[in-house]
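Working notes for the structure below.
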Amino acid sequence: GDSVTQMEGPVTLSEEAFLTINCTYTATGYPSLFWYVQYPGEGLQLLLKATKADDKGSNKGFEATYRKETTSFHLEKGSVQVSDSAVYFCARRAGNTPLVFGKGTRLSVIA
Amino acid sequence: ETGVTQTPRHLVMGMTNKKSLKCEQHLGHNAMYWYKQSAKKPLELMFVYNFKEQTENNSVPSRFSPECPNSSHLFLHLHTLQPEDSALYLCASSQDLDRGGSPLHFGNGTRLTVT
């Protein structure tokens, strides 16, 4: 079935470090791809999305590129801040099927 | 302000109680969802409504009963719950089900504790 696999956490980084959170997806149905972020005590918020191959989604310094050849949508940020500490979810959706989430990756950024 | 409001934020209930969770969206969306988020488990889709009609029930026990009186409101009625039902219950909405690129907008959730 449709699935999303993302790297296990937690990930702990120092402030200003480079971040990569890996995500791969099943390619059936030409999915759209999303990254959501969940800050403590809150629901999920859309961080960025890409709807077709080679699209790059970006927001708040985060980027992810839809790679059809590797079925990947890795999340990157060049310089993380303490305020980026949260849980990050990769997700896919094709047609009228519900959104499928990865298990989430917890990021902790220390000053 | 997320556009999706859930009440209450926290709920503690005994196993014999009956309670309801409420979700309201002011985004003009046509699809609404209930998700369950438990510690160390992936997000679990519970129910999906599209234009007030239930389109998905992900093998959810009957002690959870959804209700969608209109496209802006969604309820989750709870009765005879078990301690393992303790979790964060998230409501979400999207423009509709038919566009794969349509993102979900989430509320902040109801933290449910069953004692």
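Reminder, nothing fancy here: chain letters follow the sequence lines and each chain counts from 1. Computed from a predicted model, the values in this text were never measured in an experiment.
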Phe47(B) reachable from Leu45(B) in the ILVMFWY side-chain graph, under 4.5 Å edges = no

Which residues, numbered in order, of residues 8-16 of chain A come under 4.5 angstrom of chain B by heavy-atom distance?
-> none

When rounded to the nearest 0.5 Å, the distance separating OH of Tyr35(B) from CZ of Phe101(A) is 4.5 Å

Can you give me every donor-acceptor pair (side chain of residues 78-90 of chain A, partner residue at least two apart or in another chain, under 3.5 Å) with its distance?
residue: Asp84(A); atom: OD1; partner: Lys77(A); partner atom: NZ; Å: 3.3
residue: Asp84(A); atom: OD2; partner: Lys77(A); partner atom: NZ; Å: 2.8
residue: Asp84(A); atom: OD2; partner: Gln81(A); partner atom: N; Å: 2.8
residue: Ser85(A); atom: OG; partner: Val82(A); partner atom: O; Å: 2.9
residue: Ser85(A); atom: OG; partner: Val109(A); partner atom: N; Å: 2.9
residue: Tyr88(A); atom: OH; partner: Asp84(A); partner atom: O; Å: 2.6

Intermediate values then yes/no, side chain to side chain contact (heavy atoms under 4.5 Å, CB included), Leu44(A) and Leu43(B) | CA-CA 11 Å; Leu44(A) 278 71; Leu43(B) 274 162; 3.7 Å; yes

How long is the span from the OH atom in Tyr33(B) to the CG atom in Leu99(A), to the nearest 0.5 Å?
-> 7.5 Å

Under a 4.5 Å side-chain heavy-atom rule over Ile, Leu, Val, Met, Phe, Trp and Tyr, are Phe75(B) and Leu11(B) clustered together?
-> no

If two hydrophobic side chains count as joined below 4.5 Å and joins carry through other members, does Leu112(B) share a cluster with Phe106(B)?
-> no

Examine whether an atom of Leu104(B) lies under 4.5 Å from a heavy atom of chain A, and if so say whether it belongs to the side chain, the backbone or both; otherwise answer neither.
-> both

Against chain A, label Gln37(B) side chain, backbone, both or neither, depending on which of its atoms sit under 4.5 Å from a heavy atom there.
-> side chain

Listed partners of Thr55(B) passing side-chain contact (heavy atoms from CB on, under 4.5 Å), at least two apart | Val48(B), Asn50(B), Leu97(B)

Heaviest contributor of heavy-atom pairs below 4.5 Å to chain B, chosen from Glu42(A), Lys52(A), Arg92(A), Lys103(A), is Glu42(A)

Within 6.0 Å of CZ in Arg106(A), more than 12 heavy atoms from elsewhere | no

Measure distances from Tyr30(A) to the heavy atoms of chain B and classify the residue's part below 4.5 Å as side chain, backbone, both or neither.
-> neither

Check: Pro103(B) and Gln45(A) side chains under 4.5 Å, non-hydrogen atoms | no

Side chain / backbone / both / neither for Arg111(B) at chain A, heavy atoms under 4.5 Å | neither

Verdict with reasoning, Gln38(A) to Leu88(B), per side chain to side chain contact (heavy atoms under 4.5 Å, CB included) | CA-CA 12 Å; Gln38(A) 185 177 29; Leu88(B) 181 68; 3.8 Å; yes

Do Ile21(A) and Tyr39(A) sit in the same hydrophobic cluster, where Ile, Leu, Val, Met, Phe, Trp and Tyr count as joined when their side-chain heavy atoms come under 4.5 Å apart?
-> yes

List in chain and number order the residues that pass salt bridge (Lys or Arg N to Asp or Glu O under 4.0 Å) with Lys68(A), two or more places apart in sequence or in another chain; answer none if no residue qualifies.
-> none

Is it true that Leu90(B) and Phe64(B) fall in one hydrophobic cluster, defined by side-chain heavy atoms closer than 4.5 Å?
-> no

Taking all non-hydrogen atoms of both residues, which atom of Arg93(A) and which atom of Asp96(B) are closest, and how far apart?
-> NH2-O, 3.2 Å

